[in-house]
Enquirer: 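Here you go, one structure.
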Amino acid sequence: MILLALVVPAAVATWLLTAGRSLPHRATNLTSAVTSVLTLAFVVASVVLRPEVDRAWVPSLGLRWHLAVDGISAPLLLLTALLGVAVVLHTRERPPVGGTSAAFHACLLLVEVGALATFFARDAVLFFVAFEVVLVPMWVLITRFGDAHHPAARAEAGARFVLYTAFGSTLMLVGILALVTRAGTSDLGVLAQDAGRGLSPTTQLVVASLLVAGLAVKVPVFPLHTWLPAAHTTAPTAGSVLLAAVLLKMGTYGLVRLPLATVPDGFARVAPFLAVLGAVGILWGGLACLVERDLKRLVAYSSVAHMGFVAIGLASGTRTGLQAALFANVAHGVVSALLFVVVGGLKERWGSADLDTARAAVREVAPRLGFALILGLAASLGLPGLAGFWGEFLSVYAAWSPGDDRSLGLFRAVAVVAALGTVLAAAYALRVARLVWAGDRTSPPIEDTRGSEWDVVVVLVLLTVVLGVVPGPLLSLTHDTVSTLVGAGP
Amino acid sequence: MSTVASLDWPVLGPVLAPAAGAVVVLVADAVAPRVARLHAVVGVLALLVGAALALPAALGSTDVPRRSLCLPAPDGCLYEAGPVVGALQVGALLAALVVLLLVWPPRSGTRDQPLRGGPAVLVALLLAATVGATGVAAAHDLGSWLVCLELATLPAIALVALRATPDAGRGALALLTTSLVSFALVVLGAALWLLSTGAAVFSGPAVATALADPQRRAVLLLGLLLLLAGVGFKLSLVPFHVWTPQAYAGGTEPVAAFLAATSKVAALAALLVVLRPLAGSGHGSGAAPVLVVVGIVAAVSMTVGNLVALVQDDPVRLLAWSTVAQAGWVALPLSVATTQADQASGAYLLAYVVATLVAFVVVHLVARSAPTATPDGGDGPSRGRTLAAYTGLLRERPLLGGALGLALLSLAGLPPGVLGLVAKVVALRPVVGDGQWVLALVAVANAVLGIAVYLRWFAVLLRDPAPVGRGAGDPEGAGDGDEGPVEELLGGPVPRPALAALILSGGVLVAASVLPQLVLGLLG
């Protein structure tokens with residue numbers, strides 16, 4: 001089942017790149033839609049049935065196809081597969097510019113395959129290989145299919161994306177290899193069970209710092225975030241959605257799976273830095289959003305702020321914190337996907353995303369789009385009842401009462417800063433609402449959302465509300481695995 | 001005078017087969033000077049037989065290497081082939097095969113200028129250099145090691161010079177000067193080795209005793225450093241790399257491919273032979289300075305190679321500088337003296353050879369069909385030798401573009417070029433396992449630089465084809481009305497042997513990207 005979920009989209013993507021190159025947009029889109037729906041079905045089945053695959057791949061390296069599902073990866077797998085369907089649907093009425101439709105869809109599918117494989121992987125080296133799979137297709141999406149107005153900016157953003165993340169993942173590889181050669185196994189399950197026993201404190205610290213530094217690029221944690229706004233601004237809407245909702249999650253997922261689970265003592269010593277950087281990221285992202293003039297870039301900076309909350313939750317060393325981080329992770333995936341669909345749609349209609357240009361109030365000319373925008377902004381500022389609330393609230397709470405081995409004063413300070421960050425979030429959300437949504441100008445008119453775009457928006461809005469009103473199922477899904485990782489603490 | 005106690009002919013096959021092939025070619029040329037194709041056929045057969053005979057050693061076990069030419073003395077076999085050696089021999093022979101297919105004698109009347117000397121000379125030189133490469137890999141004594149190392153180099157110089165353009169002359173001269181200097185260094189090193197260990201064979205125990213004695217240790221270390229420098233020339237390690245771009249750009253693309261593939265295999269194999277007796281001695285022992293030097297040279301090679309490659313516009317020169325960088329990666333694991341490091345180095349080299357061969361095949365084919373055939377002999381880059389000639393290759397000639405794209409990604413170490421990615425993991429593992437963090441961090445930085453180098457070229461492939469020029473400018477493609485589906489994918493007619501070369505090298509690359517074990521498994 002797991003293999004099917006990976007092989008089917010990969011095979012279709014390869015077919016699209018080779019034999020199906022000249023297929024018209026409609027047919028390509030239909031093929032990809034069927035593929036992604038099938039993939040979603042396979043993923044749902046594997047989440048329910050929890051099968052396990054374990055096959056040798058490169059025996060001389062000890063590299064195995066070891067794939068399985070557990071509580072931490074299940075929500076992310078579902079999110080990825082769901083958004084995989086959403087981005088393909090979203091593309092239905094807007095043929096990609098800049099290249100063939102087949103290549104565009106193949107890239108979307110390949111990114112999905114890479115992300116799914118990353119979440120499925122139970123072997124540290126396989127995890128790294130899967131982690132790298134998304135790079136080239138995403139790079140193609142940015143440089144080839146990105147913002148048609150600025151070819152130079154496109155190339156620069158794409159190169160920056162690839163080089164930053166490749167640097168991070170190679171650093172992570174060094175950490176993984178250090179861990180694997182010292183521990184003698186690359187099985188993530190065994191590594192997590194051993195939890196760093198038999199490794200000297202220095203080794204643990206080195207491994208943890210390498211892994212955290214490498215993954216922090218992908219998350220991204222301040223000050224390694226500078227690739228993100230450029231990439232988001234130029235990527236096509238589908239690419240932005242995948243970038244924010246899937247690729248960033250690979251970073252946080254990696255943080256949980258690798259340093260936190262395998263070298264807990266080393267991670268505990270790195271955690272304060274991570275927490276402080278997370279808090280700085282929240283403030284920095286919030287402040288940048290207050291003055292940013294490009295709407296898409298603004299949403300990207302708000303991602304940096306949200307990821308700051310996730311980092312704080314992870315660093316707190318408690319079960320609540322970890323749960324909060326995982327929840328915030330998924331919530332951010334949904335909310336940022338929603339915002340990028342809406343904002344990407346606005347940019348497409350306006351021709352640019354500059355906030356200084358006077359435009360018709362979205363509330364007046366495009367009420368549906370306006371509603372989705374306001375809902376996304378509200379969720380993003382952490383309004384109770386919407387998806388964003390639980391993750392942020394709980395991670396601030398976790399930082400206020402961190403684990404026993406964490407410095408109480410420092411984490412309290414971090415909690416206060418993070419709480420201030422939510423105020424900033426409210427301020428910039430209201431700024432966007434005032435500039436874009438409110439007002440009584442009605443010209444130049446723009447078309448309201450409909451068709452497949454509206455379908456995607458509806459699904460994402462529903463998910464945002466459901467996650468906000470009933471967070472229980474998701475929290476209980478991750479609960480068991482989190483308990484085994486952190487122990488039965490608070 | 002001791003006599004050879006045992007002589008196992010099939011074990012010597014990987015060396016003897018191409019040698020016999022070279023002799024047959026020369027005799028055939030003397031008997032029937034008009035025959036053109038026969039030589040190449042003989043060459044292909046000789047290389048295939050050699051590769052088939054090298055396989056048993058590659059698939060054998062590390063503990064029981066296949067030996068031949070044994071003297072009665074203990075540890076006295078002059079020929080010793082374990083899995084790593086066998087795998088390198090297979091690599092060298094198959095790489096030579098691909099090159100041979102590329103230089104297949106054309107039908108008379110085509111616009112390819114044949115190299116001077118006729119097909120027989122070409123094939124014989126190619127085979128002779130390959131003999132050197134397979135021989136040096138298995139050499140276990142100083143004498144045959146030196147002879148084979150030079151045998152691997154000298155014919156290559158002639159191959160570069162055969163093109164008979166000023167550029168080629170300069171390239172051949174650079175190569176000749178370097179190889180003379182390196183030969184001098186190597187001979188001096190060999191003499192010091194003999195002086196310090198008292199044995200003319202590369203044996204572990206003799207080295208260990210020499211290292212234990214402080215006075216002999218100094219002599220041995222100096223000898224090792226000289227040997228290292230000499231081989232460094234052949235492997236294009238910085239600071240011994242200067243000949244590389246000149247020789248690559250001077251020769252034809254197939255000859256450059258030969259220099260980048262078979263010659264590099266020979267150089268690494270020679271290096272491994274020297275370093276193997278040190279295996280297991282580790283950093284605690286007296287050989288530590290040598291290993292540190294290897295590490296530094298590796299780090300500097302990567303950095304310089306990548307930085308210069310970043311600004312090249314001639315694809316052949318770009319590949320030349322990328323060779324320098326990749327040589328650094330190949331040498332990287334050798335800074336740790338273990339059997340695993342030997343395997344890692346060999347694995348990385350093979351992965352590099354496969355990918356770079358594919359790249360060279362495509363570069364050759366693109367240069368062949370470039371629209372404006374400026375007469376050779378000018379100083380500037382000749383036919384189709386700019387990155388701009390590759391604009392939109394992926395769209396216009398998908399087969400070539402796809403093969404080149406996969407090769408570049410493989411060199412960069414990004415999926416779908418999984419082979420290159422896995423090779424990087426393999427090469428980094430011993431270094432990290434040994435705790436050499438600085439070297440590991442330099443390697444990380446260079447992995448990123450390398451990606452920048454190869455993506456720069458890949459981005460050109462991906463661009464939209466230029467609206468004017470290419471399509472209409474291809475006289476051969478435009479003339480033929482009835483292009484088959486394959487020719488459509490290739491964007492014009494391609495000689496059948498070159499197509500075979502593309503399929504062979506590309507097929508290995510694709511297969512190895514799906515199952516990296518196919519290549520890595522050869523090394524045991």
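These numbers were taken from a predicted model, which means no experiment stands behind them. In what follows, chains are A, B, ... by sequence order, proteins preceding strands, each numbered from 1.
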Enquirer: Pull out the residues in residues 440-447 of chain B that come under 4.5 Å of chain A, heavy atom to heavy atom, sorted by number.
Expert: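 The stretch touches chain A at B/Ala440, B/Leu441, B/Val444, B/Ala447.
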
Enquirer: Could you pull out all residues at least two apart from A/Arg269 that satisfy salt bridge (Lys or Arg N to Asp or Glu O under 4.0 Å)?
Expert: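 Counting only residues at least two positions away or on another chain, A/Arg269 forms no salt bridge (Lys or Arg N to Asp or Glu O under 4.0 Å).
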
Enquirer: Between B/Gly435, B/Pro430, B/Pro415, B/Pro416, which shows the greatest number of heavy-atom pairs under 4.5 Å with chain A?
Expert: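 Looking at each option in turn, the highest pair count goes to B/Pro415.
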
Enquirer: The test is side chain to side chain contact (heavy atoms under 4.5 Å, CB included); show your working for B/Leu414 and A/Val133 and say whether it passes.
Expert: CA-CA 7 Å; B/Leu414 284 178; A/Val133 167; over 6 Å; no

Enquirer: Anything in residues 404-412 of chain B with a heavy-atom distance to chain A below 4.5 Å? Please list those residues in order.
Expert: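 When heavy atoms of chain A are the reference, residues 404-412 of chain B contributes B/Leu409 within the under-4.5 Å range.
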
Enquirer: For A/Phe161 and A/Trp139, what are the C-alpha separation, side-chain angles and deciding distance, and is it a ring pair (Phe, Tyr, Trp, His ring centres under 6.0 Å)?
Expert: CA-CA 7 Å; A/Phe161 160 74; A/Trp139 175 76; 9.5 Å; no

Enquirer: Between A/Phe127 and A/Phe131, is the ring centroid distance below 6.0 Å?
Expert: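 Yes, the ring centres sit under 6.0 Å apart.
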
Enquirer: For the ring pair B/Trp457 and B/Tyr390, is the centre-to-centre distance below 6.0 Å?
Expert: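 Judged by ring-centre distance (under 6.0 Å), B/Trp457 and B/Tyr390 do meet the cut-off.
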
Enquirer: Evaluate the side chain to side chain contact (heavy atoms under 4.5 Å, CB included) criterion for residues B/Leu291 and B/Val336: first the C-alpha distance (whole Å), next the side-chain angles of each, then the deciding distance (0.1 Å), finally the verdict.
Expert: CA-CA 7 Å; B/Leu291 300 182; B/Val336 185; over 6 Å; no

Enquirer: Are A/Arg64 and A/Asp54 close enough for a salt bridge, meaning some N to O gap below 4.0 Å?
Expert: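 Yes, charged N to carboxylate O under 4.0 Å.
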
Enquirer: Quick one: does A/Arg160's side chain have a donor or acceptor within less than 3.5 Å of a partner on A/Ala155's backbone?
Expert: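 No, because the side chain of A/Arg160 does not come within donor-acceptor range (under 3.5 Å) of the backbone of A/Ala155.
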
Enquirer: Can you give each donor-acceptor pair under 3.5 Å made by side-chain atoms of residues 507-521 of chain B, sequence neighbours left out, with the distance rounded to 0.1 Å?
Expert:
| from | atom 1 | to | atom 2 | distance (Å) |
| --- | --- | --- | --- | --- |
| B/Ser513 | OG | B/Leu509 | O | 3.1 |
| B/Gln517 | OE1 | A/Ser60 | N | 3.4 |
| B/Gln517 | OE1 | A/Ser60 | OG | 3.4 |

Enquirer: Please flag which part of B/Val431 lies under 4.5 Å from any non-hydrogen atom of chain A: side chain, backbone, both or neither.
Expert: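 Neither part.
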
Enquirer: So which of A/Val136, A/Leu210, A/Val140 has the largest heavy-atom pair count under 4.5 angstrom toward chain B?
Expert: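 Maximum pair count with chain B is reached by A/Val136.
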
